[in-house]
Amino acid sequence: MAVTSTSPAGAAPSGGPAAGGGPSRDEATTLAALVAVEHAAVYAVGAVGGALAVTGPAGATARALAQAAYVDHARLRDTLIDRIGALGGRPPPARPAYQLPIEPAGVIPALALLATVEDRTAAAAHDAVGPLTVRADRALAADALVAAAVRAQRARRAAGLSPARASGPFPGA
Amino acid sequence: MDSPARPSRRALLATVPVVAVPVLVGTGCTVGRTAPPPGPTAAEVIDDQVRTHARSREADLIAAYEQATAMHPGLAALLNPIRDHHARHAAALVPPAATASPSPGAAPTTSTTPTARAGPGPLAVGTDTPTGRATTVAALRTLERRAALAGRDACLAASPAFAPVRASIRAAETAHDDLLDAARV
């Protein structure tokens, strides 16, 4: 994945896997990658909500989408953190701030940022599905992929994109 | 697996490098690569079953969308993109050529984009009225939800290599249901 290399902890320690090794370590490592994406998603969606707060009635639909997305991403983040802890791992902490790929200055850019955030969550969830071997963990990632795909499509439709352009055949892939 | 309408995710990540996911450098998309795969024979059997069932559903969905568009031409802009997604799904569900089918005689079709089955369509015949269109869309939504529900269990049973494919198809099916739900017909 294209990531910046500015991890405050340097190497593996933030999000370090379970100490014991083995399947639990692999499971925790996979979930840690997903929670890192969710930290960024929560930040970005919160920024969208802030930007949309001043858009008045024109931004009402986008605000509702951002609010729902914020709740969903925060819940997923918390679920992942709990699960990583249960596996004996250390979930990666959130950074103070994240650089946004799109400045949410206005309703349409805000919706574009929402869709981009969901695409990234879908991609991370998609990549987590295969390595996760515990059924409940794989279900968590697979359900996250579904939810992100739906939210991305809603954001694009709200931005006025046609059904043909609002989503692709293989979300996350 | 790229959408023809949008840049692929990989391209997107390459050209839009920062929502800044700053940690876990060096793991990323390769995490879990050392996870032990299940017994290859069992995984192949399960994957083959998943593919077979999912391709059957895709054929039904393609037939349903084509029937729906024939009954309601005004819905083509809504329905044709979804139909095209299902054609892509069907193609992705054809077993890899290098993998021998465990059941002789059940050789995969050589067509990667199957068309609708012959005979009457899977939908009830309706008139092109608002009520008829709503009935058709509701029936399509039911088919999508059933496929997505089956896809959840299938994804959980499939091999690490194939599970993401089925998970992604399921996500598309759920998105189709949502798209149809929001459509004004």
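Here is how names work: the chains are called A, B, and so on, in the same order as the sequence lines, proteins then strands, and each is numbered from 1.
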Exercise. When clusters are formed by joining ILVMFWY residues with side-chain heavy atoms under 4.5 Å apart, either directly or through shared neighbours, do A:Tyr70 and A:Ile102 land in the same one?
Worked result: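 Yes, because A:Tyr70 and A:Ile102 connect within a single hydrophobic cluster, where side-chain heavy atoms sit under 4.5 Å apart.
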Exercise. Do the ring centers of B:His85 and A:Phe170 come within less than 6.0 Å of each other?
Worked result: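 No: the rings miss the under 6.0 Å criterion.
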Problem set entry | Close contacts, residues 138-154 of chain B versus chain A, judged by heavy atoms under 4.5 Å |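 The stretch touches chain A at B:Arg152, B:Asp153.
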Heavy atoms only: give me the nearest [X]-[Y] pair and the separation to one decimal.
{"X": "A:Pro169", "Y": "B:Ala172", "value": "O-CB, 3.4 Å"}
{"X": "B:Cys155", "Y": "A:Arg138", "value": "O-NH1, 2.9 Å"}
{"X": "B:Pro164", "Y": "A:Val129", "value": "N-CG1, 3.9 Å"}
{"X": "A:Pro163", "Y": "B:Leu179", "value": "CB-CD2, 3.9 Å"}

For this session: Name the region of A:Arg157, side chain, backbone, both or neither, that has any atom closer than 4.5 Å to a heavy atom of chain B.
Result: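 Just the side chain, heavy atoms under 4.5 Å.
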Exercise. Which atoms of A:Arg151 come close to chain B, meaning under 4.5 Å heavy atom to heavy atom: side chain ones, backbone ones, both, or neither?
Worked result: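 For A:Arg151, no heavy atom lies under 4.5 Å from chain B.
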Exercise. Given B:His176 and A:Val150, is the side chain to side chain contact (heavy atoms under 4.5 Å, CB included) satisfied, shown in steps?
Worked result: CA-CA 9 Å; B:His176 296 159; A:Val150 171; over 6 Å; no
For this session: For the residue pair B:Arg170 and A:Asp143, establish whether any side-chain heavy-atom pair is separated by less than 4.5 Å.
Result: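 Sidechains of A:Asp143 and B:Arg170: in contact.
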Exercise. Which bit of B:Ala161 is near chain A, if near means a heavy-atom gap under 4.5 Å: side chain, backbone, both or neither?
Worked result: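 Neither; nothing under 4.5 Å.
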Exercise. Under a 4.5 Å heavy-atom cutoff, which of B:Leu156, B:Asp84, B:Thr174 has the most pairs with chain A?
Worked result: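 Ranked by heavy-atom pairs under 4.5 Å with chain A, first place is B:Leu156.
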Problem set entry | Spacing of B:Ile82 atom CD1 and A:Ser167 atom OG [to the nearest 0.5 Å] |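 One gets 8.0 Å once the value is rounded to the nearest 0.5 Å.
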